[in-house]
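Have a look at the structure below before the remarks.
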Protein chains: 2
Amino acid sequence: MSERDPTLMSGVPELVLLRLLAHREMYGYEIARTLKVVSQDALTIGEGVLYPALHALEARGLLRSRTQQVDGRTRVYYQLTPRGHRRLARLTMNWRRMSEGVERILGATTYE
Amino acid sequence: MSERDPTLMSGVPELVLLRLLAHREMYGYEIARTLKVVSQDALTIGEGVLYPALHALEARGLLRSRTQQVDGRTRVYYQLTPRGHRRLARLTMNWRRMSEGVERILGATTYE
DNA sequence: TCTCATACCTCGTTTGGCGAGGTATAGTCG
DNA sequence: CGACTATACCTCGCCAAACGAGGTATGAGA
C-alpha cells in the first residue's frame, strides 16, 4: 500500500467525507448541508467536488452505496467499508501531523 | 481584491513560506532546511515546489529578492513586501478558520 | 405558472504539488 | 587524484484535485 497521501497538501474533502460517513449513512445532498452546519460555515463542498469525490471513493472501495427512492426523488446513500475506516484513521493521523506542523510554523517567533 | 483563497484546499506552501520569511530574510535552501526542523519533520518542501513558489510569490509582488555571493555560491535572499505581510495575515485567518472547521468535523461524535 | 429546494450528474479548466532531471561549487575521504 | 556529499540554484512535464458552470428532474408553495 502506502499510497499517495497529502504530503503537504490537504485532501481535506476526502478526509471530511470519510469522517462524516463514519458515523452514519448519508446521501450526497445531506452531506453538503451537514458539513456546512457542523463546521459552522468554515467548510463548504460544492457539488462539482462532492459527487466526483464520492464516486472516486466508491471506486476505490472505501465507500459502499445503495439507492433509495424518497418522495419520488432518488437518494444515494453512502457508508464506509472496512477499508474506508482504515483509510480514515490514516488520513486523520496525517492531518493532525500536518496541521500541528503548520501551527508550529505559525506560532514560533524565532527560528535559528 | 478579494482573490481566490483556499476554499477548502490548503495553499499550505504559500502560507508557510510567507510566515517563515516574515521573521527574517532567508534563501531557498535555508527555507527548506528550516521548515523541516521547525515543523519537526511534519512538513517538508521539495525543490520542485519551493523554487517555483518563490518565483511566483515574487512575481505577484509578495516577496522581494536580492542575490548574494557566499563562498563562491549564489544565494537568493527573499523577504516580505508590505503586500506580502497583508497576504500572510489573510492566509493565516483562512487557515485557522479552515483547520478549526476540520477539527469540528473530526471531533464531533454525533451530527443531526 | 414560476420559483425554490431537493437531488443527482458531468464536463472542461486551472492550479499547484511533485518527481526527475540538470548545472555548478566547495569540502571531505580514500 | 577521483568520488562522493552537501550546498545552492533552476526547469520541465505529469497528474490529481478543486471548482464553476451547466444540465436533468421532482415536489411544494406562492
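Order of the sequence lines fixes the chain letters, A, B, ..., with proteins taken first and strands second; residue numbering starts at 1 for each chain. Heavy-atom basis, side chains included; hydrogens, waters and symmetry copies ignored.
Contact check, B:Y29 against D:dA6: no side-chain N or O comes under 4.0 Å of OP1 or OP2. Distances shorter than 4.0 Å separate some side-chain N or O of B:Y27 from OP1 or OP2 on D:dA8. In this structure, A:H55 does not reach the C:dC8 phosphate: none of its side-chain N or O atoms is under 4.0 Å from OP1 or OP2. In terms of phosphate contacts, A:R33 brings a side-chain nitrogen or oxygen within less than 4.0 Å of OP1 or OP2 of C:dA7.
Comparing A:D71 and A:E14 along DNA chain D, the residue whose closest nucleotide (by nearest heavy atom) sits nearer the 5' end is A:E14. Of the two residues contacting DNA chain C, namely A:T74 and B:P52, the nearest-nucleotide position lying further toward the 5' end is that of A:T74.
A heavy-atom distance below 4.5 Å is not found between the side chains of B:L63 and B:T81. In this structure, A:W95 and B:E103 have side chains that are in contact, with non-hydrogen atoms separated by less than 4.5 Å.
With rounding to the nearest 0.5 angstrom, the CG atom of A:L43 is 9.5 Å from the OG atom of B:S99.
Nearest heavy atom pair, residue A:L54 against residue A:G28, reads CD1-CA, 4.1 Å.
Here the C1' atom of nucleotide C:dA7 and the CD atom of A:Q68 are 13 Å apart, to the nearest Å. As a whole-Å value, the separation of A:L57 CG from D:dA17 P is 10 Å. Between the P atom of C:dA7 and the CG atom of A:L50 lies a distance of 13 Å, rounded to the nearest Å. Distance OH (B:Y77) to P (D:dT7): 14 Å, rounded to an integer number of Å. For the pair B:L54 CG and D:dA8 P, the computed distance is 15 Å after rounding to whole Å. Distance B:I45 CD1 to C:dG16 P: 13 Å, rounded to the nearest Å. As a whole-Å value, the separation of B:R60 CZ from C:dG16 P is 7 Å. Whole-Å rounding puts the B:R75 CZ to D:dC10 P distance at 14 Å.
Among the heavy atoms of the strands lying under 4.0 Å from A:G48 is at least one base atom, whether or not backbone atoms are also near. Among the protein residues, A:V70 comes within range of no part of the nucleic acid, since none of its heavy atoms lies under 4.0 Å from any strand.
Remark: the backbone N or O of A:D41 is paired with a side-chain donor or acceptor of B:R97 at under 3.5 angstrom.
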Worked verdict on A:R60 versus A:E14 for salt bridge (charged side-chain N to carboxylate O under 4.0 Å, His left out): CA-CA 12 Å; A:R60 289 165 58 200; A:E14 185 185 351; 3.5 Å; yes
Working for salt bridge (charged side-chain N to carboxylate O under 4.0 Å, His left out), residues A:R24 and A:E30: CA-CA 12 Å; A:R24 59 176 176 88; A:E30 185 188 11; 2.9 Å; yes
All N/O contacts under 3.5 Å from nucleotides 23-25 of chain D to the protein, with atom names and distances to one decimal?
none

